[in-house]
Amino acid sequence: MILYGANPIAWANDDDQTLGAHIPTEQILREASEIGFDGIENGHRWPEDPEELKQLLGSHGLKFISGWYSLNLLTQSVEDEKKAIQPHLDKLKHNGCKVCIACETSNTIQGSDVDISTSPVLSAEEMNAFGAKVEAPGFCAEQGIDLVYHHHMGTVVETLDEIDAFMAATGPATKLLFDAGHCYFGSRGEDPTPVLRKYISRMHHFHAKNVRPAVMKDVRDNGKSFMDGVRAGVFTVPGDPEGGIDFRPLLQVLKQEGYKGWIVIEAEQDPEVHNPFKYQSLGLMTLKTIASELELT
């Protein structure tokens, strides 16, 4: 069964918390429910207590989907990472989550005021060693949760070559969170469909993020940071005519594979410029229309 989710960063940004600071938490949950989402991912506004979180979201008819976890495997041991991640896994399990969204952030530049082209790069040997750590037994799979790795701008798994290298360096315990927007941005505007098709058998979570090519070009050409791009509106939702990604072939791949899981609209924008209710509604309507035509259910 396909479930549709939102991410609260459309209303209240996690990396720049001045974006959407004026929007009440109650409004975020109410609007996500009114738009018709089945669930919502984690955000800095949500309570850490697993039961309190479950009750808060449930009071609006929303499931807790999962949430970002910042790995630090390049700077600490697997055993230390297991201890650090356990409270997060406990929260996920308490809320019936099936995936743990993870990304290495020990050397990320995604929140830094630096040129996005200076993202950290691992050598082939370093990538293999990193992949072995992510794949280490006992991380998530043995607790009934899939670790879905989020390739992301500003990190060591950003470009198409890095996605390939990371997937080769990991094995069956490591799944992929496919993010259409980060794939498009990381490849400088290439169609993300071949990447999804290549890794669909290991793809266990889908982020339906769109990209405005004109803003992406400005960020790339003028040495701007990832957050400069976010504030300028580099990301948007499916169905936005300013977006560069065609979601029909992506959903067609999901249909062909028989994907069952979450499709999440994770498209951070300045809510004072791009009204979250309007854009999230557009995104969900677009995805559901395509899914209906493809008989993706």
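Both backbone and side-chain heavy atoms feed into the values below; hydrogens, waters and symmetry mates do not.
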* Non-hydrogen side-chain atoms of Y69 and N42 separated by less than 4.5 Å ->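 No, too far: nothing below the 4.5 Å cut-off.
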* Asked: When hydrophobic residues are tied together by side-chain contacts of less than 4.5 Å, even through go-betweens, does W262 share a cluster with V253?
  ->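 Cluster IDs for W262 and V253 differ.
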* Asked: Any link between I263 and I265 through a network of hydrophobic side chains (Ile, Leu, Val, Met, Phe, Trp, Tyr) touching at under 4.5 Å?
  ->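 Yes, because I263 and I265 connect within a single hydrophobic cluster, where side-chain heavy atoms sit under 4.5 Å apart.
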For [Y], does its backbone N or O pair with a side-chain atom of [X] as donor and acceptor, under 3.5 Å?
X: N222; Y: D218; value: yes
X: K133; Y: L73; value: yes
X: H151; Y: D179; value: yes
X: D228; Y: S225; value: yes
X: D38; Y: Y4; value: yes

* **Within 6.0 angstrom of R30 CZ, more than 12 heavy atoms from elsewhere** =>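 Yes, because the 6.0 Å sphere around CZ of R30 holds more than 12 heavy atoms from other groups.
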* Asked: Ring centres of H152 and F185 under 6.0 Å apart?
  ->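 Distance test on ring centres: not under 6.0 Å, no.
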* Specify the closest pair of heavy atoms between A136 and V78, including all atoms of both residues, with the distance to one decimal. =>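 Taking A136 first and V78 second, the nearest heavy atoms are CB-CG1, 3.7 Å.
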* Can D16 and R231 be counted as an ion pair, charged N to O under 4.0 angstrom? ->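 Salt bridge flag = yes for R231 with D16.
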* To do: Tell me, with the steps shown, if Q17 and R45 meet side-chain hydrogen bond (donor to acceptor under 3.5 Å, both in side chains).
  => CA-CA 10 Å; Q17 295 184 12; R45 300 278 190 88; over 6 Å; no
* Plane angle bin for F130 and Y149 - parallel if under 30°, tilted between 30 and 60°, otherwise perpendicular ->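 Taking F130 first and then Y149, their aromatic rings stand perpendicular (interplane angle over 60°).
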* Asked: Going by the angle between their ring planes, with limits at 30° and 60°, are H182 and F235 parallel, tilted or perpendicular?
  ->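 Taking F235 first and then H182, their aromatic rings sit tilted (interplane angle of 30° to 60°).
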* Hey, are H60 and E26 close enough side-chain-wise for a donor-acceptor pair under 3.5 Å? ->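 Yes, side-chain donor-acceptor contact under 3.5 Å.
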